[in-house]
Peer 1: 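Sharing a structure below in structure tokens format, with a few things to ask.
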Amino acid sequence: MKRWLAATVLAVLALGTIRAEDNIYYQGPTDKDRKKLVGPLVEETAAWVKVKVKVKGKDTLKQIPAAHIKQVDYDVDGVGSTAFRAPILLEAQAIAADEAFRKLENTIPKDAKDKKNNDFLKTKALKTRDTKMEEALKGYQEMEGKVASRDNAKRYVQYRIANLLVLQSRYEEAKTKPAIEALTKFKDAHPNAWQILPALKTLGKMQVKEGLLEEARKTYEALAEVPDVPADLKQEADFLVARIYLRGERYADAEKKLASVEKSMAKDDPQRAFITAFRAESQIGQKNLKQAEALLNEAIRTSNDNKLRGLAHNLLGDYYRQKGVPAEAFWHYLRVDALYDQDPEEHAKALYYLIGLFDKVKNDPIRAQDCAQRLRDGKYLGTRYQAMAAAEKKGASPGGS
């Protein structure tokens, strides 16, 4: 009996030293599928995490770039992996239901019977989306308390709560303020978490969407200053600061920021073309049209990047609208729609202006309606121009001529 008791005590004590079995799912830019590591996540920074794995029977630290991480199932005492994943699965179901709704919304019914069925399925998809969203949010909130014994697990749940609020804010305006508050709280409390870079990017985007340009500028500046931030992300953050200046009509500040970024670039850096395009945007904003067209044509000539060309042709559309030549503006926006639709924000902008141009300049209301319908697609959620189109008065044509 004494031997049995002693063995039991040793077994119980051993449980406290059993290694955590976290599941880390990640996917690099060249990986076709997600990969998985099993082992305790023992160290993290804004740039990477380290996972202790067994290699030939020996503990080895495997480092994964934070940007490659897709999901982590943390091993927490008293919380099984199935329970930990439950809110994540609910969130995935909500996203799938929304995608189904968007697809149905862009389906043209064949007849009255088909329309009735389409409307029924859309209503069902929306109900599923909203129900699963709320269930996921409740699940995360409950999970936050259950994993309080492990800081990085709790931090991850807080991050997912903030992201879910962001997702809900696309459909419920009332969730916008809580989403911004949750992301702000997260970045203040966890400046070195592996989630901090996407958290800051999302927060900045939300702040821009709400017109909180000064707050967004500070967020992107903080993003650029995160220790070990990848050079391309720092450059992107600086670009975003410049674009915020442009959005706020602070054109001199924008040009100064762009000049600073350009100085840090290599001579053959492909991003230089973006600098040129943004300089042109500043000139257009100041109604100085003498140099704008030449700058944009230079940007297009020196780059084969489709996103750059989408940006430049949209700006040429703006240039010709400001010159009072809507027929020429039309062809530039149409190029973006037909050839350079890789950036959802720029494509949304092109569709927005094509609505009015097809209607008023080309006298083609059917194509205008098609552009309006396409602009409602889920791929443009969160874009400025989808929101602008939605805010248009019923019966009016967005975009003007």
Side-chain angles (χ1 to χ4, degrees), residues 87-88 90-99 101-102 105 125-144 155-190 193 195-223 237 240-241 243-248 343-349 351-352 375-394 398:
I88 299 174
L90 288 168
E91 182 180 349
Q93 290 169 0
I95 292 171
D98 184 66
E99 290 174 349
F101 168 75
R102 298 290 169 178
E105 191 174 38
L126 281 178
K127 184 176 180 181
T128 300
R129 181 195 72 187
D130 295 342
T131 300
K132 295 297 182 182
M133 286 278 185
E134 286 302 321
E135 289 177 354
L137 182 59
K138 183 179 179 182
Y140 282 133
Q141 290 169 338
E142 291 175 352
M143 188 59 62
E144 185 180 0
R155 182 161 57 244
Y156 181 60
V157 172
Q158 291 171 342
Y159 174 68
R160 296 209 66 123
I161 288 173
N163 266 356
L164 184 59
L165 289 169
V166 170
L167 190 60
Q168 286 183 297
S169 72
R170 296 176 177 179
Y171 327 114
E172 302 177 53
E173 185 62 31
K175 293 292 176 70
T176 299
K177 185 177 179 180
I180 291 176
E181 289 175 348
L183 285 168
T184 301
K185 184 178 179 181
F186 183 88
K187 66 100 173 172
D188 289 342
H190 312 298
Q195 305 96 337
I196 192 61
L197 296 178
L200 287 169
K201 285 185 70 174
T202 303
L203 175 58
K205 188 174 182 180
M206 290 288 290
Q207 290 167 330
V208 169
K209 180 183 174 183
E210 289 302 295
L212 304 172
L213 300 184
E214 185 65 15
E215 291 88 339
R217 179 183 64 79
K218 292 178 181 178
T219 296
Y220 287 132
E221 287 177 343
L223 175 60
L240 289 168
V241 170
R243 297 202 76 172
I244 287 171
Y245 283 140
L246 290 170
R247 175 86 175 264
D343 186 326
E345 186 70 48
E346 294 300 331
H347 193 199
K349 176 180 178 178
L351 288 171
Y352 176 83
L375 185 52
R376 292 195 293 269
D377 191 89
K379 69 180 286 189
Y380 307 113
L381 280 174
T383 64
R384 177 186 178 190
Y385 290 92
Q386 188 187 68
M388 288 169 62
E392 294 284 338
K393 291 182 180 180
K394 190 175 180 180

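Only a predicted model underlies this, so the values are computations on that prediction, with no experimental measurement involved.
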Peer 1: Using atom types as modelled and distance alone, determine if a side-chain donor or acceptor of R102 lies under 3.5 Å from a backbone N or O of R376.
Peer 2: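 Present.
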Peer 1: So, does E345 use its side chain to make a donor-acceptor pair with the main chain of R384 at under 3.5 Å?
Peer 2: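 Yes; at least one donor-acceptor contact below 3.5 Å.
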Peer 1: Is a donor on one side and an acceptor on the other found under 3.5 Å between the side chain of T176 and the backbone of E173?
Peer 2: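 Yes; at least one donor-acceptor contact below 3.5 Å.
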Peer 1: Only counting residues at least two apart or in another chain, list the ones meeting side chain to side chain donor-acceptor pair (under 3.5 Å) with Y156.
Peer 2: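 Scan of Y156 (side chain to side chain donor-acceptor pair (under 3.5 Å), adjacent residues dropped) gives R160.
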Peer 1: Measure the shortest side-chain to side-chain distance between L351 and Y380 over non-hydrogen atoms and say whether it is less than 4.5 angstrom.
Peer 2: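 A side-chain contact exists here, since the closest heavy-atom pair is under 4.5 Å.
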Peer 1: Report the C-alpha separation of T383 and Y352 in whole Å, then their side-chain angles, then the decisive distance to 0.1 Å, and conclude whether the side chain to side chain contact (heavy atoms under 4.5 Å, CB included) test is met.
Peer 2: CA-CA 11 Å; T383 64; Y352 176 83; over 6 Å; no
Peer 1: Who pairs with Q93 by side chain to side chain contact (heavy atoms under 4.5 Å, CB included), at least two apart in sequence or on another chain?
Peer 2: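 Side chain to side chain contact (heavy atoms under 4.5 Å, CB included) list for Q93, sorted by chain: L90, K132.
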Peer 1: Please evaluate residues H190 and Y159 with respect to the criterion side chain to side chain contact (heavy atoms under 4.5 Å, CB included), reporting the C-alpha separation (whole Å), side-chain torsions for both, the decisive distance (0.1 Å), and the verdict.
Peer 2: CA-CA 10 Å; H190 312 298; Y159 174 68; over 6 Å; no
Peer 1: Quick one: does V208's side chain get under 4.5 Å of L240's, heavy atoms only?
Peer 2: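 Answer no - side chains too far apart.
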Peer 1: Please check: side-chain N/O of Q386 versus main-chain N/O of L375, any donor-acceptor pairing under 3.5 Å?
Peer 2: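 Judged by distance alone, yes, a pair lies under 3.5 Å.
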Peer 1: Would you say D98 and L167 make side-chain contact, with heavy atoms under 4.5 Å?
Peer 2: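 The answer is no, as the side chains (C-beta and beyond) never meet within the 4.5 Å cut-off.
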Peer 1: Within a radius of less than 6.0 Å around NZ of K379, do more than 12 heavy atoms belonging to other residues, nucleotides or ligands occur?
Peer 2: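 Counting other residues, nucleotides and ligands, NZ of K379 exceeds 12 neighbours.
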Peer 1: With a 4.5 Å heavy-atom cut-off, do K138 and E142 have their side chains touching?
Peer 2: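 The answer is yes; the side chains approach within 4.5 Å.
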